[in-house]
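For reference, the structure is listed below as structure tokens.
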Amino acid sequence: MAVTGTSRLSLLFIAALAGSHHACAGADGELHFVRGVSPELLSRYQPNSDHTFQCLDGSKVIPYSRVNDDYCDCPDGSDEPGTPACNNGKFYCRNEGHLPAVIDSRRVNDGVCDDRCCDGSDEWNSGIFCPDRCAAFDEAYQKELAKKRRVELAGGKIRQEYIARARSLSQERSEEIAKVEAKLAEVSKEIGELEKRQAALEERERRQFEEMDSEKERQLKAVREGALPAMTKLRQHLFEVDTGLRDDVHLLVRLLNGVKTDHNPEYNDPAVAEAVEAYDAVVIKHSDLEAEALREWTNDELATQQREDSERHKLDVKDYNSCSKAISDLQANIDRSESDLSELERILGDLSANYNRNYHDSVVKGAAQEYAKYLQRKEVRNSAESWLAELESAEQWRREFEEAAEEIGRISAQFANAGSAGSDDAEDKGNWAGKVLRSVWKRVTHGEEDELKSVRDRLIKANRDKSETEAEVTRLKQDLEAVAGQDQMFLALKGECMSKDLGQYTYEICWLGQATQIENQGGNRHSLGTFVGFNEGGGEGPGYFTHLYKNGAYCWNGPSRSIMVTLECGEVNEIISVVEPSKCEYNARILSPAACPLPAERAKAGPVDGPGNSGETLPTSQSAMLTGEQLGDTNPHDEL
């Protein structure tokens with residue numbers, strides 16, 4: 001009811017005010033009734049000596065006469081508890097015989113009998129009559145309260161069973177943890193002992209193999225030192241042969257290069273053309289051949305080359321491996337030079353035999369003459385007795401070198417394969433070194449080596465057992481830590497699952513495990529997450545009745561699925577509803593005895609005083625259901 005003009009009080013409201021005992025306290029100090037004000041706030045609505053009223057939020061002080069004058073003065077609406085003037089005001093319904101209630105003051109005198117004001121006091125000046133329905137409401141309320149009490153009593157007993165079973169399981173887990181930890185200590189001790197034994201055996205094995213290596217090196221050194229004098233001579237011989245062959249190759253290259261560049265092309269001699277073509281083929285095959293042959297060495301360069309050769313020779317005569325490599329390299333150079341020389345001799349031989357002597361080409365004729373002299377020198381050199389004697393000696397040096405190499409290979413193989421030499425080989429009979437080798441190896445393979453292998457195998461197994469045991473201890477402790485609080489009650493439920501067909505999907509929730517969404521068409525399963533803990537509030541009480549499941553299957557273009565499960569008291573474990581308030585984030589309600597109060601908790605709570613109360617209250621949702629749908633009053637409010 002709005003006020004217009006300068007008038008602040010309607011005549012109708014003055015009459016209502018007078019009939020509501022609004023003005024002041026009695027002579028005995030008793031607080032007088034003020035419409036719409038709860039008993040808890042009534043003292044703040046009594047007139048003071050200044051006849052003023054302070055808004056409950058402290059924002060203003062107004063004349064007391066403006067309280068319930070149907071005009072909103074206070075920002076918090078507290079000056080109009082009994083009228084609809086303020087949209088944010090509150091109206092108190094006494095509801096004698098039932099539970100008091102508070103409604104928005106904008107619903108006062110709106111022409112609708114509000115269910116929450118079952119005494120009809122909200123329509124005191126709307127012109128309609130609202131009968132007092134509090135007795136009927138309280139009767140239905142008491143029935144639901146009795147039903148709730150029966151469910152809580154039954155659920156509380158089951159919860160006690162959960163707790164007892166959980167304590168037993170917890171004790172079993174604790175004992176199991178103690179056993180596993182004792183096993184872990186034993187395994188750790190065994191590992192320490194095995195590691196010590198392994199270290200001792202490995203040290204002994206190391207010393208034994210050092211003895212074998214020492215014997216091996218002794219034998220190899222004797223062979224190398226014995227062969228080195230012959231190898232040194234062979235190396236020097238090969239060096240001289242290599243040098244001579246390279247000189248011959250370079251000579252023939254220069255002869256053919258001169259024919260190629262300086263012959264008279266006007267003669268058009270086929271033999272010359274064939275020689276040049278064959279020479280080019282050789283040069284292409286060995287790109288550095290011509291450059292080396294035509295290179296003009298300075299005295300300094302020759303001196304440097306000789307000095308380097310001398311240094312290499314000094315090193316080679318002292319070291320078997322270096323000398324062996326030098327022999328191999330020189331032999332490879334000789335093989336190449338002989339191949340090149342053979343090809344060049346063939347080319348020059350054909351040219352000398354077939355060139356046209358009638359052309360009188362001086363370059364070609366000169367090359368043929370020089371080639372003939374080269375052949376004469378070569379014949380003389382190769383037939384000289386000194387050269388033949390040196391070749392014979394070289395063959396002996398080579399045999400000694402090859403025999404040494406074979407012996408070194410045999411010794412190396414003997415030591416490398418010593419483990420498989422189970423019996424006395426004929427070649428070792430009378431061989432002191434072989435006997436030493438077998439003696440050492442038998443100690444290794446037939447005794448300590450077998451033990452060392454056994455220790456290593458046992459150590460691998462022990463470490464594996466230790467890792468598995470540590471993982472088992474961690475898992476068992478985490479299982480207990482995950483259900484800490486609430487007497488570890490949920491340990492009794494761990495692993496049990498509930499499912500509910502809700503139309504398009506069936507939902508499956510396993511206590512402290514997995515939550516799954518199953519498509520009823522097709523059967524595809526989507527993980528809604530794994531239990532990660534209770535609500536973030538933690539602590540005893542309601543926090544343990546909200547379970548969080550996270551890190552489920554990823555949504556397309558969205559987050560990973562998760563679900564928050566809220567428990568309510570019930571006689572059985574049952575999924576009631578599942579909703580998806582945000583994409584891939586689900587909320588589920590579950591009835592469970594685990595959420596029911598224990599008898600001790602009910603006794604500690606005590607009765608709630610008030611008419612019609614039995615010491616207990618229903619949840620808000622149940623109370624609203626009783627005063628609305630169950631009682632058949634569904635009249636809407638006009639302003640809603």
Side-chain angles (χ1 to χ4, degrees), residues 236-309 326-388 390-391 394:
Q236 183 61 30
H237 168 73
L238 293 178
F239 176 77
E240 293 172 358
V241 171
D242 177 49
T243 302
L245 286 173
R246 280 192 287 116
D247 289 344
D248 290 345
V249 169
H250 292 169
L251 171 63
L252 300 189
V253 167
R254 287 195 295 272
L255 291 177
L256 285 170
N257 181 263
V259 171
K260 174 184 176 180
T261 57
D262 299 332
H263 77 279
N264 192 337
E266 293 180 358
Y267 293 139
N268 198 20
D269 190 337
V272 175
E274 289 177 5
V276 170
E277 183 179 358
Y279 169 71
D280 284 340
V282 173
V283 171
I284 290 174
K285 185 167 60 174
H286 302 296
S287 58
D288 58 340
L289 183 61
E290 188 174 60
E292 290 179 0
L294 300 179
R295 178 178 177 182
E296 295 183 1
W297 292 76
T298 66
N299 292 333
D300 290 341
E301 289 174 335
L302 289 173
T304 300
Q305 183 66 40
Q306 291 172 355
R307 186 167 55 252
E308 291 176 353
D309 290 342
I327 290 172
S328 298
D329 292 344
L330 287 168
Q331 188 61 57
N333 292 340
I334 289 170
D335 292 342
R336 173 185 167 182
S337 294
E338 287 179 340
S339 175
D340 291 340
L341 191 63
S342 176
E343 184 66 16
L344 294 171
E345 286 178 347
R346 184 192 64 78
I347 296 171
L348 279 166
D350 290 343
L351 176 63
S352 299
N354 300 320
Y355 78 95
N356 192 331
R357 289 165 175 74
N358 295 325
Y359 289 152
H360 302 291
D361 189 327
S362 60
V363 172
V364 176
K365 184 178 180 179
Q369 291 173 348
E370 287 299 322
Y371 177 63
K373 294 177 182 179
Y374 156 77
L375 291 177
Q376 291 175 357
R377 290 194 302 274
K378 181 177 180 182
E379 178 65 22
V380 171
R381 181 182 62 199
N382 290 344
S383 60
E385 291 184 4
S386 59
W387 176 249
L388 294 175
E390 184 173 345
L391 288 179

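Bear in mind that the values here come from a model prediction, so they are computed numbers and not experimental data.
Residues forming a salt bridge (charged side-chain N to carboxylate O under 4.0 Å, His left out) with Asp269 (at least two apart in sequence, or on another chain): none. Residues meeting the salt bridge (charged side-chain N to carboxylate O under 4.0 Å, His left out) test with Arg381, sequence neighbours left out: Asp248. Under the ring-ring contact (aromatic ring centres under 6.0 Å, His included) criterion, His263 pairs with no residue at all, not counting sequence neighbours. Looking at residues two or more places apart in sequence or on another chain, you find a side-chain contact (heavy atoms from CB on, under 4.5 Å) between Ala384 and Ser386, Trp387. When the salt bridge (charged side-chain N to carboxylate O under 4.0 Å, His left out) test is applied to Asp280, the partners found at least two apart in sequence or on another chain are Lys260. Every residue two or more places apart in sequence or in another chain was checked for a side chain to side chain donor-acceptor pair (under 3.5 Å) with Glu277, and none qualifies. Residues passing the side chain to side chain donor-acceptor pair (under 3.5 Å) test with Asn354, sequence neighbours excluded: none.
A side-chain donor-acceptor contact under 3.5 Å links Asp361 to the backbone of Asn264.
Atom-to-atom distance recorded for His250:NE2 and Asn257:CG is 12.5 Å, nearest 0.5 angstrom.
Residue Val259 forms a side chain to side chain contact (heavy atoms under 4.5 Å, CB included) with just one option from Leu348, Val272, Ile347, and that option is Val272.
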Worked verdict on Asp242 versus Arg246 for side-chain contact (heavy atoms from CB on, under 4.5 Å): CA-CA 6 Å; Asp242 177 49; Arg246 280 192 287 116; 3.3 Å; yes

Does Glu343 form a side-chain contact (heavy atoms from CB on, under 4.5 Å) with Lys285? I'd like the steps, not just the answer. CA-CA 12 Å; Glu343 184 66 16; Lys285 185 167 60 174; 5.5 Å; no

Could you go through residues 333-341 and list every donor-acceptor pair under 3.5 Å that involves a side-chain atom there, pairing it with any protein atom two or more places apart or in another chain?
| from | atom 1 | to | atom 2 | distance (Å) |
| --- | --- | --- | --- | --- |
| Asn333 | ND2 | Asp329 | O | 3.4 |
| Asp335 | OD1 | Gln331 | NE2 | 3.1 |
| Arg336 | NH2 | Asp288 | OD1 | 3.0 |
| Ser337 | OG | Asn333 | O | 3.1 |
| Asp340 | OD1 | His286 | NE2 | 2.9 |

For a quick test of your reading: what N or O donor-acceptor pairs under 3.5 Å do the side chains of residues 365-374 make, sequence neighbours left out?
| from | atom 1 | to | atom 2 | distance (Å) |
| --- | --- | --- | --- | --- |
| Tyr371 | OH | Glu345 | O | 3.1 |
| Tyr374 | OH | Glu345 | OE2 | 2.5 |

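Across all non-hydrogen atoms, the minimal contact from Leu344 to Tyr279 is CD2-CD1, 4.4 Å. Here the closest heavy-atom approach between residue Asn356 and residue Asn358 is recorded as OD1-N, 2.9 Å.
Listed by first then second residue, pairs satisfying ring-ring contact (aromatic ring centres under 6.0 Å, His included) with a partner in residues 328-370 read Tyr267-Tyr359, not counting sequence neighbours.
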